[in-house]
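Throughout, protein chains are lettered first and strands after them, A, B, ... in sequence-line order, and every chain is numbered starting at 1.
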Protein chains: 2
Amino acid sequence: MPNKSAVPITLATVKAACSQCSLHELCLSEGLTKEELAKLDTLVGARRKLKRQQNLYRAGDPFEALYAVRTGFFKTDILLEDGRDQVTGFQMAGEILGMDGIGTETHTCNAVALEDSEVCVIPFAQLEQLSREIQTLQHNFHKVMSRELVRDQGLMMLLGTMRAEERLAAFLLNMSQRFTSRGYSPAEFHLRMTREEIGSYLGLKLETVSRAFSRFQEEGFIAVQQKHIRILDSDGLKKLLNHQPR
Amino acid sequence: MPNKSAVPITLATVKAACSQCSLHELCLSEGLTKEELAKLDTLVGARRKLKRQQNLYRAGDPFEALYAVRTGFFKTDILLEDGRDQVTGFQMAGEILGMDGIGTETHTCNAVALEDSEVCVIPFAQLEQLSREIQTLQHNFHKVMSRELVRDQGLMMLLGTMRAEERLAAFLLNMSQRFTSRGYSPAEFHLRMTREEIGSYLGLKLETVSRAFSRFQEEGFIAVQQKHIRILDSDGLKKLLNHQPR
DNA sequence: TGGTCGCTTTGATCCATGTCAATACGATAA
DNA sequence: TTATCGTATTGACATGGATCAAAGCGACCA
């Protein structure tokens, strides 16, 4: 067995997931002891790489595992029989995908990589088993699900009560905040999704999204160049949010 | 002691919750053994009665317990600083309230009784503990949360892609289905919420809801009399759903 | 190097739903 | 019975965003 110091790099490390992962606080492993982390590692052994546009899973696929995004960027969407579809979320490093499948043993949405990506595979039966042993893990998992519920509530609010520019402002601020909490610039980032996907997520048409971007640029809130966004006046965007007509 | 056949009524029954509850399949107790049910009963001892318009909890309240609706009818809603609010759901017998609070230890929405109601109080720490012992309970709980996520996805779809009449048709069919699965008539029911609350839930103004009701009545899909609804042609309503313009 | 293709921007017009306002209805209480 | 109040319906009009259409821009590939 190789000699181990604080954060040893060994053969095991290549496989070891959670104990070495930089996404602790976002993921399931927060607050676990070393021993508990080790157990989680054995569970989360497998990784899976996906090319841009590749499906992680599809609606109807049998549910077996959750996925933690390691690198890359995903969207989830639902497709109705009549052809309408809606993007229900965008997921980045540290976020968990697949929880929609627990209730019915079948995934209810599609998860697609928007760029080359990698996920940790978390076989669900094993996660349940381990979370019966490790209280902290159990609670972390419950928190993750609950936060997802709260996120959805926020999106309902957005879809139900906000006008187009408010929605886009909320979207940009949310992206900025999530990039920030991953150590990237709060003010400058690259959107991985198209205007159409943003529109679908926000309940708007792509033209409306494009116009709102242009408007924000005119107002000096942001600089847009295709998918590259620079936020120049985040307070300006925030003001848009609480300051609706009636 | 009164004579009873299959399900005996004893002193214990008054307190016993889950083991005697008619809402098994909707709630957390499905598939539990007698012994496991008994344990769950000790946990779910307390009940709480609410008068119409009374809050079960409010956004900002510390999170301590989940609540299973025994009788009555609730809404959950969120209130933004600027005064806008949105109803995020309506809950009826057998449904679980409060899961929004797990992630932050604080409730993020308000839960209000729309008629005199009663809930089972499920202290969350104890639920987690017991679900470490009882695998089936653990899995049931995960299923409940997951189904809530899927419900939210459906609502996003509704809010993001459907037009007013489709939304109301979907709402009525959903109500009908939920009343049905509780043993009530699929075709005739009493709405507990106002047009404004329906509108808020569906992302519409109350006038639009009212007009859609009137339209459905003209078309012969339903008979409306204030809050009393009779569905005359549920296929007609269903057709509205998949049959959108583009 | 030019051509194609996907994505984005922008303009002109239309329409579903919001807004504002008046009236009606039904329950409750006096 | 009548008064009151919350809720619901209906009408007239306004408007935000959808729709339709035409360029523009970049990336990739042949």
Side-chain angles (χ1 to χ4, degrees), chain A residues 51-53 75 83-87 112 114-116 158-172 190-219 222-229 240 243-246, chain B residues 52-53 75 83-87 112 114-116 158-169 171-172 190-219 222-229 240 243-246:
Chain A
K51 288 276 172 207
R52 192 171 124 80
Q53 300 294 33
K75 71 168 177 184
R84 276 183 290 191
D85 69 343
Q86 169 128 6
V87 172
V112 184
L114 292 182
E115 62 183 16
D116 294 358
L158 179 146
L159 291 169
T161 73
M162 294 187 182
R163 37 195 57 243
E165 293 190 0
E166 292 181 87
R167 295 185 197 191
L168 190 65
F171 171 75
L172 289 173
H190 184 83
L191 295 176
R192 272 71 171 184
M193 70 296 279
T194 65
R195 300 288 188 261
E196 184 165 22
E197 285 163 336
I198 297 173
S200 172
Y201 180 62
L202 299 177
L204 301 169
K205 292 291 153 181
L206 68 98
E207 294 94 330
T208 305
V209 173
S210 180
R211 278 185 243 270
F213 270 124
S214 301
R215 181 88 201 300
F216 287 175
Q217 183 151 250
E218 282 166 29
E219 302 279 337
I222 62 175
V224 199
Q225 206 176 9
Q226 304 284 120
K227 294 188 160 137
H228 187 85
I229 305 288
L240 276 183
H243 191 53
Q244 100 296 2
R246 183 153 312 274
Chain B
R52 192 172 124 79
Q53 301 293 32
K75 72 168 176 183
R84 274 183 291 190
D85 69 343
Q86 168 129 7
V87 172
V112 184
L114 293 182
E115 63 182 16
D116 294 359
L158 179 146
L159 291 168
T161 73
M162 294 187 183
R163 34 195 59 244
E165 293 191 359
E166 293 181 86
R167 294 185 197 191
L168 190 64
F171 171 75
L172 289 173
H190 185 82
L191 295 175
R192 272 72 172 184
M193 69 295 279
T194 66
R195 300 289 189 262
E196 184 165 24
E197 285 162 336
I198 296 172
S200 172
Y201 181 62
L202 300 177
L204 302 170
K205 292 292 155 182
L206 67 97
E207 294 94 330
T208 305
V209 173
S210 180
R211 277 186 243 272
F213 270 124
S214 301
R215 182 87 202 300
F216 287 175
Q217 182 151 251
E218 282 165 30
E219 302 279 337
I222 62 174
V224 198
Q225 205 175 12
Q226 303 283 120
K227 295 189 159 134
H228 187 85
I229 306 288
L240 274 184
H243 191 53
Q244 101 294 5
R246 186 150 311 272

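Contact between the side-chain N/O atoms of A:Lys227 and the OP1/OP2 oxygens of C:dC7 is not found at any separation under 4.0 Å.
B:Ser200 pairs with exactly one of B:Val87, B:Thr194, B:Leu206 by the side chain to side chain contact (heavy atoms under 4.5 Å, CB included) rule, that one being B:Val87. Residue A:Phe171 forms a side chain to side chain contact (heavy atoms under 4.5 Å, CB included) with just one option from A:Ile198, A:Leu158, A:Val209, A:Leu204, and that option is A:Ile198.
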N/O to N/O distances under 3.5 Å, protein versus nucleotides 22-28 of chain C:
none

Quick test: give all pairs of protein nitrogen or oxygen and nucleotides 10-14 of chain D nitrogen or oxygen below 3.5 Å, distance rounded to 0.1 Å.
from	atom 1	to	atom 2	distance (Å)
D:dT10	OP2	B:Ser214	OG	2.5
D:dG11	N7	B:Arg211	NH1	2.9
D:dG11	O6	B:Arg211	NH2	3.1
D:dA12	N6	B:Arg211	NH2	3.3

A:Glu207 vs A:Arg211, salt bridge (Lys or Arg N to Asp or Glu O under 4.0 Å): CA-CA, chis, key distance, verdict: CA-CA 6 Å; A:Glu207 294 94 330; A:Arg211 278 185 243 270; 5.9 Å; no
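Between the NE2 atom of A:His228 and the P atom of C:dT8 there is a distance of 15 Å, given to the nearest Å. Between the P atom of C:dG6 and the CD atom of A:Gln53 lies a distance of 12 Å, rounded to the nearest Å. Atom CZ in A:Arg195 sits roughly 12 Å away from atom C1' in D:dC25 (whole-Å rounding). Here the P atom of nucleotide D:dG6 and the CZ atom of B:Arg52 are 12 Å apart, to the nearest Å. Distance, B:Phe213 CZ to D:dT9 P: 8 Å, rounded to whole Å. Here C:dG6 presents its C1' atom at 17 Å from CG of A:Leu191, a figure rounded to the nearest Å. The nearest whole Å value for the distance from the NZ atom in B:Lys205 to the P atom in C:dA21 is 15 Å. Between B:Leu168 atom CG and D:dA8 atom P the separation is 13 Å, expressed in whole Å.
When atom types are taken as modelled, the side chain of A:Arg167 and the backbone of A:Leu202 share a donor-acceptor pair closer than 3.5 angstrom. At least one donor-acceptor pair under 3.5 Å links the side chain of A:Arg195 to the backbone N or O of A:Gln226.
Within 6.0 Å of CD in A:Glu115 there are more than 12 heavy atoms belonging to other residues, nucleotides or ligands. The number of heavy-atom neighbours closer than 6.0 Å to CD of B:Gln217, taken from other residues, nucleotides and ligands shown, is above 12.
By the 4.0 Å N-to-carboxylate-O rule, B:Asp116 lies too far from B:Arg52 to be salt-bridged with it.
Nucleic acid contact class of A:Gly203 (heavy atoms, under 4.0 Å, all strands): sugar-phosphate only.
Separating the CD1 atom in A:Ile222 from the CG atom in A:Leu168 is a distance of 6.5 Å, to the nearest 0.5 Å.
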